[in-house]
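Side chains included, hydrogens not; waters and symmetry mates left out as well; all remaining heavy atoms used. Residue numbers start from 1 in every chain, and the chains themselves are labelled A, B, ... in the order their sequence lines are given, proteins ahead of strands.
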Amino acid sequence: MSELFAAHGLRKAYPGVIANDDVSFSIDTGEIHALLGENGAGKSTLVKMIYGLVKPDAGTMTLLNAPYAPPEPRAARGSGVAMVFQHFSLFDALTVAENVSLGMENPPAASKLAQRITDVSEDYGLPLDPHRTVGDLSAGERQRVEIIRCLLQDPRLLIMDEPTSVLTPQEVEILFATLEKLRAEGTSILYISHKLEEIRALCDRATILRLGKVVGHANPREKSAAELAEMMVGTALHRPERELSPPGEVALEVANLTLQPANPFGTALRDVSLSLRKGEVLGIGGVAGNGQDELLAALSGEALCAADEVKLHGQPIGRLAPPARRKLGLLSAPEERLGHAAAPDMSLTENALLSANLRKHLSRRGFINWGAARRYAEEVIEAFDVRTPGPHVAARALSGGNLQKFVIGREIEQAPEVLVVNQPTWGVDASAAAAIRQAILDLAAEGCAVVAISQDLDELMEISSRFAALNGGRLSEPVPVDDSLTMERIGLMMGGAHDMEVAHNHPSQVPA
Amino acid sequence: MDLSAINPVLLLASLMVAATPILLGGIGELVVEKSGVLNLGVEGMMITGAIAGFAATIETGSPALGFLIAAVAGAALSMLFALLTQYALANQVASGLALTLFGLGLSSLMGQGYVGLKPPSTPKLDIPLLSDIPFLGPVLFQHDPMVYIGIAIVAATWATLKYSRVGLVLRAVGENHDAAHALGYKVRLVRCAAIGFGGAMAGLGGAYLSLVRVPQWTEGMTAGAGWIALALVVFASWKPWRVMVGAYLFGGITVLQLNLQAAGVKIPVEYLSMSPYIITIIVLVIMSSGRGKAALGAPASMGRIFHATG
């Protein structure tokens, strides 16, 4: 196979951090090349350089053996480089066709474009109605918009940044079939992910980045996931251990909870019921936007419901606000670190106080005991190995992983009786994620009941004793996590491929 | 009270004249907000345009040149706002309010020597045949060119936003500036252009007040027209034709209440004076509520500061 793209000694430094240093690798024509690395390893900066969003400080690139230095994304697209972004670069209020048109250099007339979108989407098994508004689409459908936007330009090199993080297992399969079809047609794909099994199933070669440097190349099919992980992290990973303790009495009970969302784009909870025993971890999976935020809000007390729709130790708490629930021992850590779980511009001491004031008695008669608050923050920092100069530092200044350890630790150190977490390790590097999961398991072993909401299925399999899925605001019947719980079964619980297969088999039914 | 003194033909004819300043200011602000910028300085740009256009017309004797200078003055003032918000990343609400206060002060300074003067009148278009139609002729076809230019600008704005590439890019920038940047569109440039257009339109609207509607210069003569234009955009759910409906409604009630005052209706003058504001707001609130989707017409990035992080 001939070489399509090569990078030689790329370097990019930002104030205080070298994002990429002496990065060299090459991609062949018709190859799926994996770019592997932890968060902060420099993957995103590297692809931004290839796509012309960032200019390298040093080093060169070649495309088809000719020098390649795109000054802006337009130039990159003109040379046949297309990119599907991790956080979708879509415009909610615009239609599918308008979104596609914005990503093209010389878009055809509107009616022609709509026809081409329909044609290409049928060819690749990604049905899409060009006239729908993007804001109404599911995550999987939105990704199809991005992919089709790229495909319409007949790219030579397609860059995909973490494409599967928002998809159900069934949707992942369909995406992989599309990518293999593209490979067969001679398109090269640069595939960025930290999901090792995916890379082993799909990719021909892998380049592994750590702290901005290339630490090795590998054929992912010949390596085990553990070997790849070791190359990525640099040390052998500690895998959390689960101590099985017999579940105790029922701690949290939700019965037929129905709740309208607080914002117009939210999902209503429909008839959600669950019961959780002491010492149990209930894992709740599902694609983002299926009611996760609303469920957390209903449990934490941000959203109130009928009194006996939520019960703690048999006591109805549906009408209680968050502080009252905290006092009773129901604590929660929401997904969004900056702005929801923590106040970004306040110090760690203040952030610790905001959550732990009641349970740790950090104030008296309305006056704050700053010494006690600081000691509590220090305690959390110490116990959870939060890397920070001290508790006076603003929450915003911490890296994602460290702040996440802090906000989870802040709740765990209060000795909750029920803990609700949403996306406990989202955007956290592998070792910090392992530490957080271990802390959750330890907490459960001490008899706390935990509700873990996450989109990372591997994580849920690792920590949960039972699993349930949220789909369109409905919660499935929880099932025990054992060998009979296959990925396929989980996928079906999560709602399958959102009608994709039906449309795949009968392309004539796709609305024109 | 003598309602028969109100001439319906004159009433309808002056409606279009009364509506034109806020129509121009509103359509300019609509484009600015569609690009994701909230410029609260409409009032300031309008009154700057009013005095600049007035002064230029007095000095040169040409209303056409006066309108041109007014547009340039409005746009120039808006560039100050663009500089503050797009390059210095200042808060848009505070900068917009400052622009209004600055414009009011600047205009009274510039207008020192022009109080009490009378500008040469702006010629009316006399379209043969059409203007001779009974009733419709005087109502629709015997106005000055700016009335028709205003309507043409609304139509052009609507078509540009809906059908053209430029309009699509503008909407995209207002909807999600990070995504637009990632696709390689020049967010700042698009926004500065939109702000400049908004300034020019507000300037034209102001000049229309001082050259045609009143016509003379007095301090603070815009009297809140810029704020009404701002409110129109929101209540019109960012739709150009609705801005026009709102402007005509406001203009119509303004003229009607003046006529009622003249006819000696037994309603206190204060209530009549406030009626255009109240009724316009009530009607537009009704128009923009009820349908959830219309209420969600706001550009998602509006008022947010864009800072390219690479």
Exercise. Write down the atom of A/Phe91, the atom of B/Leu183, and the distance for their closest heavy-atom approach.
Key: CE1-CD1, 3.8 Å
Exercise. Sort A/Met104 into side chain, backbone, both or neither according to what part of it lies under 4.5 angstrom from a heavy atom of chain B.
Key: backbone
Quiz item: Any donor and acceptor pair, going by atom type alone, linking the side chain of B/Arg171 with main-chain N or O of A/Ala93 inside 3.5 Å?
Solution: no
Quiz prompt | Side chain / backbone / both / neither for A/Glu72 at chain B, heavy atoms under 4.5 Å | solution = side chain
Quiz prompt | Part of B/Tyr185 lying under 4.5 Å from any heavy atom of chain A | solution = both
Quiz item: With distance as the sole test, does A/Asp92 use its side chain to make a donor-acceptor pair with the main-chain N or O of B/Glu175 at under 3.5 Å?
Solution: no
Quiz item: With chain A, which of B/Gly174, B/Ala300, B/Ala172, B/Gly184 has the greatest number of heavy-atom pairs at distances under 4.5 Å?
Solution: B/Ala172
Exercise. Determine whether more than 12 heavy atoms belonging to other residues, nucleotides or ligands lie under 6.0 Å from atom OH of B/Tyr248.
Key: yes
Self-check item: Part of A/Leu102 within contact of chain B (heavy atom distance under 4.5 Å)
Solution: both
Quiz item: Given that the side chain runs from C-beta out, which part of A/Ser101 has a heavy atom under 4.5 Å from chain B: side chain, backbone, both or neither?
Solution: both
